[in-house]
Protein chains: 2
Amino acid sequence: MKKPKIKTMEELSVAIGVSRPTLSRYFQSPDSVRGSTAKKIQLGLERVEYVPNFFATRLNRKSTGMIGVIIPYLNDLFFTKLLESIEMAAMDAGYTVITQCSHSDRAIEARAAETFMSMNVDGTLVVPLGNRSDLVVHQRLQSRLPFVLVDSRPATMLEVDFVGTDHKQSTGLITKYLCRVGKPPIFLAMPRVNFNAMEREKAYMDCITALGHKPVVIGTDLVEDQWYFEAHGEAVLNDFFARGQFTDRSILCVNDRVAIGALRAASRHGLVPGRGAKGGLRIAGHDDYPLCPFTTPALTTVAQDFEAIGKAAVSRLIEVINNEDTDDTPRIQLFDGVLKLRESA
Amino acid sequence: MKKPKIKTMEELSVAIGVSRPTLSRYFQSPDSVRGSTAKKIQLGLERVEYVPNFFATRLNRKSTGMIGVIIPYLNDLFFTKLLESIEMAAMDAGYTVITQCSHSDRAIEARAAETFMSMNVDGTLVVPLGNRSDLVVHQRLQSRLPFVLVDSRPATMLEVDFVGTDHKQSTGLITKYLCRVGKPPIFLAMPRVNFNAMEREKAYMDCITALGHKPVVIGTDLVEDQWYFEAHGEAVLNDFFARGQFTDRSILCVNDRVAIGALRAASRHGLVPGRGAKGGLRIAGHDDYPLCPFTTPALTTVAQDFEAIGKAAVSRLIEVINNEDTDDTPRIQLFDGVLKLRESA
DNA sequence: TAGTAAATTTTACACACGTAAAAATGGGAG
DNA sequence: CTCCCATTTTTACGTGTGTAAAATTTACTA
């Protein structure tokens with residue numbers, strides 16, 4: 001049974017026997033037309049194939065009901081989790097989410113911003129590329145429409161609404177834990193292109209210094225392509241282990257993906273990191289990447305609250321969209337990390 | 001320096017001193033206006049802040065230049081890789097990609113389809129939810145606009161353009177390899193909700209039978225929530241290993257995520273799977289999940305060609321969009337898997 | 001320098017729907 | 001049964017841009 005296809009509301013209105021504006025009102029809220037009319041329209045809609053035109057719908061409306069989300073890349077379950085929570089929250093609030101991935105490319109990120117502006121999205125959530133982002137683009141976006149920064153923030157955008165993890169707290173938490181159960185940890189870092197990575201490195205330094213230990217940071221030089229975190233972790237530690245260094249230390253990795261590489265390096269050298277391990281080697285990460293429970297040994301880490309961050313970002317954005325913020329000071333929301341003790345440390 | 005914001009092309013045209021349609025033509029192709037005029041417009045654009053309205057732009061155009069992509073869920077690096085390749089290919093071809101994730105929910109998937117139809121996208125690429133998809137929705141989508149199925153296809157949609165992996169070939173490849181180097185493998189499957197999983201299971205059965213061995217399939221019952229593949233793999237094998245079963249067998253897992261769980265189960269029981277391993281235990285997967293090189297031991301698997309699949313899907317879709325297909329028979333493109341020998345088998 | 005063909009710019013209408021204001025309708029009270 | 005008020009429906013115009021056809025300009029030739 002093929003229903004006749006109807007392209008415009010106009011045609012639909014003659015087909016059903018109601019005026020077009022009445023249909024318009026019905027689609028926006030079925031309650032806004034008389035019950036008998038609503039019923040008539042419903043019946044009519046069942047007999048034909050019609051979908052309203054998205055563009056025409058939004059063209060002359062004050063609000064488009066869309067939220068734009070910019071994500072730096074997809075091949076990372078952290079962003080993927082975050083995005084999931086954002087999309088769900090936005091959907092629940094009745095918004096259509098348009099996600100654009102910048103694929104680690106500032107030009108693509110800029111284009112995404114342009115797209116959002118031209119689409120008149122009600123607001124944007126942006127997870128920046130790190131210091132590869134074109135900050136001018138972010139600034140323009142921010143000055144044009146409701147804007148909330150998520151997960152990571154450029155040093156030049158401190159006066160903007162932000163939702164993320166309190167890295168000082170989270171990194172401090174695991175640093176202290178490691179100090180408690182073994183030798184003070186060294187820090188396996190990353191090339192300094194990522195704001196969060198830098199924040200964690202700094203938090204480690206502060207914490208370990210405060211505890212009276214000497215900080216040791218390794219892995220800040222670029223070894224592999226910078227987005228292959230696991231490869232980076234493995235490569236760096238392979239070098240050290242090969243020279244017999246750090247084989248009996250606690251190693252705090254800047255994030256779980258680096259830690260997964262670290263675990264790999266350890267196993268290559270016949271080392272088994274763990275809490276009560278004989279050698280004293282311990283490896284810990286940060287984020288609670290979904291695969292942590294399944295590594296060998298299972299990775300001890302600090303969990304970021306993806307769920308909470310996503311939800312908070314969306315609700316803050318909606319607040320700004322609705323102009324519900326009383327004052328002008330930027331709202332910074334930082335969520336605590338939670339220790340996830342497993343086997344590796 | 002704040003540039004004056006200009007909202008419409010009309011305003012822009014008076015600001016620059018050119019007629020509005022001339023601007024329209026300029027934006028669509030700067031070459032289509034006289035050089036001197038183009039220069040004048042360029043200069044004007046540098047002095048003001050203007051972005052054309054996305055909706056108005058597409059409203060009265062035959063082609064919207066957009067491609068809709070539906071993905072079942074994001075928390076899986078396989079889909080993430082595939083999506084990346086699709087987005088890049090589409091972008092290169094000059095299309096704007098709108099991605100909607102169905103988040104394992106048929107209602108969300110249906111809404112995404114609706115959105116695409118109302119946006120008049122030029123075509124859609126859909127990776128279905130498996131047998132949880134609302135097939136009526138897919139059918140409607142397919143009958144309304146250019147449509148290519150990717151990665152997995154419902155048994156009821158065999159007469160549709162499709163791009164994916166040749167699971168018979170890929171699974172056969174690794175099955176034969178395992179038979180060659182050790183005992184004939186058993187197959188660690190999944191609850192039968194996923195078309196690819198079912199195809200691989202069948203391919204295993206056919207291949208192993210053809211080789212004169214008796215097929216053994218485990219893990220078809222639902223143990224954990226069905227999208228936690230790793231947990232499923234671990235739980236199933238834990239049971240068997242605890243009973244001392246299959247500890248000296250080759251185990252072919254339906255995919256790498258399940259295999260990661262399997263590796264975990266092995267290590268829990270003090271088993272070390274591997275090529276020349278003492279016990280005879282071997283574990284292999286399917287997909288070449290990006291983390292395979294970093295598991296302990298590194299996972300032997302069959303690689304799917306994400307790159308090729310994504311590109312082929314996009315270029316086929318564009319072909320259909322441009323009506324370049326000579327005949328009416330659906331075009332099925334299956335890519336071969338490639339053996340990735342690492343340590344685990 | 002005038003005339004003509006080609007290229008460019010304008011005019012005018014179309015796109016599909018939102019929405020305020022005007023007209024019509026329905027229901028209830030007297 | 002009639003009249004009036006509250007809803008609902010309709011009329012009419014707005015949204016920002018695409019595009020075919022008409023008008024103009026440009027470049028070139030004779």
Side-chain angles (χ1 to χ4, degrees), chain A residues 5-42 44-45 48-66 96 114-122 144, chain B residues 5-42 44-45 48-66 96 114-122 144:
Chain A
K5 308 226 193 288
I6 287 199
K7 284 198 57 178
T8 78
M9 239 183 201
E10 195 72 51
E11 294 177 35
L12 184 64
S13 75
V14 315
I16 295 190
V18 194
S19 79
R20 189 187 57 71
T22 300
L23 284 177
S24 172
R25 305 196 53 192
Y26 172 83
F27 281 117
Q28 287 175 63
S29 164
D31 305 328
S32 62
V33 300
R34 198 184 308 156
S36 58
T37 310
K39 190 121 204 169
K40 187 166 157 194
I41 297 178
Q42 269 179 359
L45 282 176
V48 299
E49 166 91 10
Y50 167 75
V51 301
N53 181 305
F54 193 85
F55 302 123
T57 299
R58 326 272 153 160
L59 188 55
N60 190 22
R61 228 187 222 160
K62 66 293 309 286
S63 157
T64 56
M66 302 195 301
T96 299
E114 206 72 21
T115 301
F116 287 159
M117 298 187 345
S118 85
M119 294 208 297
N120 285 329
V121 296
D122 290 339
R144 273 183 138 259
Chain B
K5 307 223 194 289
I6 286 198
K7 282 199 55 178
T8 77
M9 239 183 199
E10 195 71 52
E11 295 176 36
L12 184 64
S13 76
V14 315
I16 295 189
V18 194
S19 78
R20 188 188 60 69
T22 301
L23 285 176
S24 172
R25 304 197 53 192
Y26 173 83
F27 282 117
Q28 288 175 64
S29 164
D31 305 329
S32 64
V33 300
R34 199 183 307 155
S36 58
T37 311
K39 190 123 202 166
K40 188 167 158 192
I41 296 178
Q42 268 178 2
L45 282 177
V48 299
E49 166 92 11
Y50 167 76
V51 301
N53 181 305
F54 194 86
F55 302 123
T57 300
R58 326 271 154 163
L59 188 57
N60 189 24
R61 228 188 222 160
K62 65 295 306 282
S63 158
T64 55
M66 303 196 298
T96 298
E114 206 73 20
T115 301
F116 287 158
M117 297 187 344
S118 84
M119 294 208 298
N120 285 330
V121 296
D122 290 341
R144 271 184 140 260

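Chain letters run A, B, ... following the sequence lines, proteins first and then strands; every chain starts at 1.
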- [ ] Please round to the nearest 0.5 Å and tell me the distance separating atom CD of B:Glu49 and atom NZ of B:Lys5.
- [x]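 The distance works out to 4.5 Å.
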
Open item on the list: Would you compute the distance between atom CD of A:Gln28 and atom CZ of A:Arg25 and round it to the nearest 0.5 angstrom?
Closed with: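 Answer for the CD-CZ pair, A:Gln28 versus A:Arg25, is 8.5 Å.
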
For residues [X] and [Y], report the shortest heavy-atom separation together with the two atoms involved.
{"X": "B:Pro52", "Y": "A:Ser118", "value": "O-CB, 3.0 Å"}
{"X": "A:Phe55", "Y": "B:Met119", "value": "CE1-O, 3.0 Å"}
{"X": "A:Ser13", "Y": "A:Ser19", "value": "CB-C, 3.8 Å"}
{"X": "A:Ala38", "Y": "A:Pro30", "value": "CB-O, 4.1 Å"}
{"X": "A:Ile41", "Y": "A:Ile16", "value": "O-CD1, 3.8 Å"}

Report which part of the nucleic acid [X] touches: base, sugar-phosphate, or nothing (heavy-atom distance under 4.0 Å, all strands).
{"X": "A:Thr8", "result": "sugar-phosphate"}
{"X": "B:Tyr50", "result": "sugar-phosphate"}
{"X": "B:Tyr26", "result": "nothing"}

Task: Nucleotide D:dT15, atom C1' - distance to CG of A:Asn53 in whole Å - done: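 In whole Å, D:dT15 C1' lies 13 Å from A:Asn53 CG.
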
Task: Pairs meeting criterion side chain to side chain donor-acceptor pair (under 3.5 Å) with involvement of residues 51-64 of chain A, two or more places apart - done: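 Only A:Ser63-A:Asp122, A:Thr64-A:Asp122 qualify under side chain to side chain donor-acceptor pair (under 3.5 Å).
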
Pairs under 3.5 angstrom, nitrogen or oxygen only, protein versus nucleotides 22-26 of chain D, please.
none

Open item on the list: Here's a test of your reading of the structure: between B:Gly35 and A:Leu59, which maps to the more 5' nucleotide of DNA chain C?
Closed with: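 In this pair, the answer is B:Gly35.
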
Heavy-atom check, side chain of [X] versus side chain of [Y], under 4.5 Å:
{"X": "B:Phe27", "Y": "B:Leu45", "value": "yes"}
{"X": "A:Leu23", "Y": "A:Tyr50", "value": "no"}
{"X": "B:Met66", "Y": "B:Phe116", "value": "no"}

Task: Positional range of nucleotides in DNA chain C within the contact set of chain A, heavy-atom, under 4.0 Å - done: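 So the contact region on DNA chain C extends C:dA16 to C:dG26.
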
Task: Inter-axis angle, terminal five-pair segments of the helix from C:dT1-D:dA30 to C:dG30-D:dC1 [nearest 10°] - done: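 Taking the rotation axis at each end, their angle is 40°.
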
Open item on the list: B:Glu11: which residues meet the side chain to side chain contact (heavy atoms under 4.5 Å, CB included) condition with it, sequence neighbours left out?
Closed with: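 With sequence neighbours excluded, B:Glu11 shows a side chain to side chain contact (heavy atoms under 4.5 Å, CB included) to B:Ile6, B:Lys7, B:Thr8, given in chain and number order.
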
N/O-N/O pairs, protein side and nucleotides 18-21 of chain D side, under 3.5 Å:
unit_1 : atom_1 : unit_2  : atom_2 : d
D:dG18 : OP2    : B:Ser24 : OG     : 2.3
D:dG18 : O3'    : B:Asn60 : O      : 3.4
D:dG18 : O6     : B:Arg20 : NH2    : 2.9
D:dG18 : N3     : B:Asn60 : ND2    : 3.3
D:dT19 : OP1    : B:Lys62 : NZ     : 3.4
D:dT19 : OP2    : B:Gln28 : OE1    : 3.1

Open item on the list: Determine whether a donor-acceptor pair (N or O, by modelled atom type, separation under 3.5 Å) exists between the side chain of B:Lys40 and the backbone of B:Gly17.
Closed with: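 Between the backbone of B:Gly17 and the side chain of B:Lys40 there is a qualifying donor-acceptor contact (under 3.5 Å).
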
